[in-house]
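See below for the structure under consideration.
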Amino acid sequence: MSAINFVGIGLALFLAFLLIQKKDKGTFDFILLAWLVLNAVLLFFYHLNFEGKTGQFVPILIAMSLIPYLISPLLFIYVSSLVQGEKFSWYAQLIHFIPFTIMVLSMWWFYWVPSEKHLIWVSNGYINMEGPLPFHIRNWSLIMAFSACMYPILCLVKILRHQTDILNEFSNLQEKTLNWMKYWIVIEFIGFWVSFLIIIAGDMDVVNILTSFKVISALIITNVFVIGYFGVRQSNIFLDSLPLNNIKREEKYKYSNLTHLETEVLINQLNEKMKREKLYRNPTLSAAQLADMMNISKHQLSQLINQKASVNFYEYINHYRVEEFKNRVKIGDADKLSLLGLALDCGFNSKSTFNYLFKKYEGVTPSQYRKQVAQ
């Protein structure tokens with residue numbers, strides 16, 4: 001038991017150290033740091049508990065047993081801080097600490113306010129309680145199970161909504177989609193049910209209780225590795241996406257809609273500006289930056305593109321990039337640069353994105369298109 005837990009503790013603390021060393025840390029990095037440290041503490045608690053070293057320290061055992069009430073909400077808050085950027089508010093997250101607060105107060109009442117009507121003691125690494133039904137330990141366990149089940153679903157919903165929203169924010173989505181988190185949460189949700197069944201099996205003596213917690217420790221360590229590894233590599237999604245001189249305009253025109261005549265004039269101006277200045281060749285071009293150049297709000301730019309071009313910002317910009325690539329292949333630039341080099345010069349920032357979008361718009365691969373032009 002000790003070996004696997006110490007591996008997990010070392011891994012969590014090492015990833016936490018890498019986060020501390022990370023440059024340009026955001027709020028999301030500090031939240032992930034807290035999440036990693038809590039997981040390390042939880043694994044250390046498992047070690048002490050099943051080595052029989054916590055029986056005489058009931059307050060410590062109680063405190064550590066409450067850690068799971070923080071881990072799931074904290075992961076959700078981490079996802080929220082990633083997808084909300086500057087809009088993230090700690091005040092809006094306080095509600096997620098209510099179950100933890102209730103548990104702390106209840107445990108405090110049981111332990112520090114002794115009574116014949118409620119007792120708390122430790123036996124074989126388990127906290128045992130007797131008291132009024134609302135405060136029964138099994139009810140608390142159900143709350144913890146519900147929390148561990150609910151928060152991955154909430155994370156998934158928030159990420160899926162984010163993946164829709166960024167199509168009207170950015171022209172390149174690399175490192176912004178959070179696909180790694182989306183796929184892992186699905187796996188983690190399955191892992192939750194595996195853990196739940198293992199705990200029940202241990203409680204019913206179907207499997208050895210020590211074996212069940214070894215499996216749970218292994219699942220926690222895997223979770224720490226995946227989220228910690230990709231979390232350390234995760235950059236700020238909204239870094240430099242909003243020019244400073246656009247902030248006041250964005251607030252002023254947040255709910256302002258353009259008239260039909262205004263959209264007709266602006267879409268022509270926008271199309272002309274794109275063709276003349278070739279703004280799409282900037283791989284980091286964002287909706288906020290383009291709106292600033294057009295002297296309108298980001299909200300109005302989205303309305304303009306959605307209504308008049310019938311596409312989102314991402315598709316609008318990348319259509320120009322594909323057309324630029326096609327034109328440059330026709331004039332022979334593909335003989336001077338590789339297809340990838342030419343694509344990068346047109347504003348794409350990855351081979352996979354370029355190949356996917358070109359095939360989507362043209363129905364053929366870039367190499368097939370070059371052969372067609374050559375013939």
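Within 6.0 Å of NZ in Lys351 there are 12 or fewer heavy atoms belonging to other residues, nucleotides or ligands. Open room surrounds CD1 on Ile95; 12 or fewer heavy atoms of other groups in view lie less than 6.0 Å from it. Summarising the local packing, CD of Gln174 is surrounded by more than 12 heavy atoms from other residues, nucleotides or ligands at distances under 6.0 Å. Under a cut-off of 6.0 angstrom, the local environment of NZ in Lys273 is crowded, with over 12 non-hydrogen atoms contributed by other residues, nucleotides or ligands.
Side-chain atoms of Phe348 and Pro283, non-hydrogen and from C-beta on, never get closer than 4.5 Å to each other. Residues Phe76 and Lys158 meet the side-chain proximity criterion, which asks for heavy atoms closer than 4.5 Å. At least one side-chain heavy atom of Leu167 sits less than 4.5 Å from a side-chain heavy atom of Leu173. With a 4.5 Å cut-off on side-chain heavy atoms, Ile221 and Leu11 count as touching. At a threshold of 4.5 Å between non-hydrogen side-chain atoms, the residues Phe30 and Lys25 count as touching. Considering only heavy atoms from C-beta on, Asp345 stays 4.5 Å or farther from Glu324 through its side chain. Contact of the Ile237 side chain with the Leu178 side chain is registered, since non-hydrogen atoms from C-beta on lie closer than 4.5 Å. Counting heavy atoms from C-beta outward, Phe28 and Asn236 have side chains that approach closer than 4.5 Å.
A donor-acceptor pair is defined here as one N or O able to donate and one able to accept, closer than 3.5 Å; such a pair exists between the side chain of Arg321 and the backbone of Ser171. Within the 3.5 Å criterion, the main-chain N or O of Ala288 finds no donor-acceptor partner in the side chain of Asp292. Not a single donor-acceptor pair under 3.5 Å links the side chain of Arg370 to the backbone N or O of Val329. A distance-only check finds a donor-acceptor pair linking the side chain of Gln289 to the backbone of Ser286 [under 3.5 Å]. Without hydrogens or angle criteria, Asn172 side chain to Gly347 main chain gives a donor-acceptor distance under 3.5 Å. Between the side chain of Asn295 and the backbone N or O of Ala291, no donor-acceptor pair lies under 3.5 Å. Listed for the Asn306 side chain is a donor-acceptor partner under 3.5 Å among the backbone atoms of Val311.
Shortest non-hydrogen contact noted between Leu36 and Ala12 is O-CB, 3.6 Å. Of all heavy-atom pairs spanning Phe238 and Gly85, the tightest one is CD1-CA, 3.7 Å. Between Ala287 and Leu301, the closest heavy-atom pair is O-CD2, 3.3 Å. Contact record, Leu19 with Gly231: CD2-O, 4.5 Å, taken as the closest heavy-atom pair. A pairwise comparison of heavy atoms in Leu32 and Val232 identifies CD2-N, 4.2 Å as the closest pair. Closest heavy-atom contact between Lys275 and Lys278: O-CG, 3.7 Å.
Here Glu362 pairs with Lys326 in a salt bridge; the nearest charged N to carboxylate O distance falls below 4.0 Å. Using a 4.0 Å cut-off between a side-chain N of Lys or Arg and a carboxylate O of Asp or Glu, Glu169 and Lys298 qualify as a salt bridge. Under the 4.0 Å criterion applied to side-chain N and carboxylate O atoms, Lys360 and Glu315 are assigned as salt-bridge partners.
A continuous path of Ile, Leu, Val, Met, Phe, Trp and Tyr side chains, each step under 4.5 Å between heavy atoms, connects Tyr356 with Tyr369, placing both in one hydrophobic cluster. Hydrophobic clustering keeps Val7 apart from Leu42 (ILVMFWY residues linked when any side-chain heavy atoms are closer than 4.5 Å, directly or through intermediates). Leu290 and Val265 fall into different hydrophobic clusters, where Ile, Leu, Val, Met, Phe, Trp and Tyr residues are linked whenever their side-chain heavy atoms come under 4.5 Å apart, directly or through other members. At a threshold of 4.5 Å between side-chain heavy atoms, the hydrophobic network of Ile, Leu, Val, Met, Phe, Trp and Tyr places Phe14 and Val37 in one connected group.
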Could you walk me through whether Tyr78 and Asp29 pass the side chain to side chain donor-acceptor pair (under 3.5 Å) test, one step at a time? CA-CA 8 Å; Tyr78 169 68; Asp29 289 311; 5.7 Å; no
Could you walk me through whether Ile98 and Ile102 pass the side chain to side chain contact (heavy atoms under 4.5 Å, CB included) check? CA-CA 6 Å; Ile98 290 177; Ile102 293 173; 3.8 Å; yes
How far apart are the C-alpha atoms of Trp90 and Ile31, what are their side-chain angles, what is the distance that settles it, and do they pass the side chain to side chain contact (heavy atoms under 4.5 Å, CB included) test? CA-CA 11 Å; Trp90 272 108; Ile31 296 172; 3.7 Å; yes
Test log, rule side chain to side chain contact (heavy atoms under 4.5 Å, CB included), inputs Leu304 and Glu262: CA-CA 9 Å; Leu304 183 66; Glu262 287 173 329; over 6 Å; no
Val364 and Phe358: side chain to side chain contact (heavy atoms under 4.5 Å, CB included), yes or no, with the steps? CA-CA 7 Å; Val364 295; Phe358 193 91; 4.2 Å; yes
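Expressed to the nearest 0.5 Å, how far CG of Asn282 lies from CD of Glu277 amounts to 12.0 Å. Interatomic distance, Ser367 OG to Gln372 CD, rounded to the nearest 0.5 Å: 10.0 Å. A distance of 11.0 Å separates CG in Leu38 from CG in Leu43, rounded to the nearest 0.5 Å. Between the CD1 atom in Ile77 and the CG atom in Leu154 there is a gap of 11.5 Å [rounded to 0.5 Å]. Taking NZ of Lys22 as the start and OG of Ser235 as the end, the distance is 7.0 Å to the nearest 0.5 Å. Taking CG of Leu357 as the start and CG of Asn318 as the end, the distance is 5.0 Å to the nearest 0.5 Å.
Ring-centre distance between Tyr314 and Phe170: not below the 6.0 Å cut-off. Proximity of the aromatic rings of Tyr69 and Phe100 is defined here by a centroid distance below 6.0 angstrom, and this criterion is not met. Centroid-to-centroid, the aromatic rings of Phe325 and Phe354 come within less than 6.0 Å. Between Tyr280 and His319, the distance from one ring center to the other does not fall under 6.0 angstrom.
Checking Asn355 against Thr353 by side-chain atom types alone, no donor-acceptor pair falls below 3.5 Å. There is no side-chain donor-acceptor pair under 3.5 Å between Ser302 and Asn168. Side-chain contact check for Tyr320 and Asn271: at least one donor-acceptor pair (N or O, by modelled atom type) lies under 3.5 Å.
Ring geometry, His96 versus Tyr151: the interplanar angle exceeds 60°, so the pair is classed perpendicular (tilted spans 30 to 60°). Aromatic ring pairs are classed by plane angle as parallel below 30°, tilted from 30° to 60° and perpendicular above 60°; the pair Phe6 and Phe44 is tilted. Between Phe225 and Tyr229, the angle of the ring planes stays under 30°, which puts this pair in the parallel group of the 30/60° scheme.
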Only pairs under 3.5 Å count here: list side-chain donor-acceptor contacts from residues 179-187, not counting sequence neighbours, and write none if there are none.
from	atom 1	to	atom 2	distance (Å)
Asn179	OD1	Gln163	NE2	2.8
Asn179	OD1	Lys182	NZ	3.4
Asn179	ND2	Thr177	OG1	3.2
Trp180	NE1	Gln234	OE1	3.0
Lys182	NZ	Gln163	OE1	3.4
Trp184	NE1	Asn223	OD1	2.7

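With Ile305 as reference, Leu270 is the one residue of Leu270, Asn312, Ile317 to meet the side-chain contact (heavy atoms from CB on, under 4.5 Å) rule.
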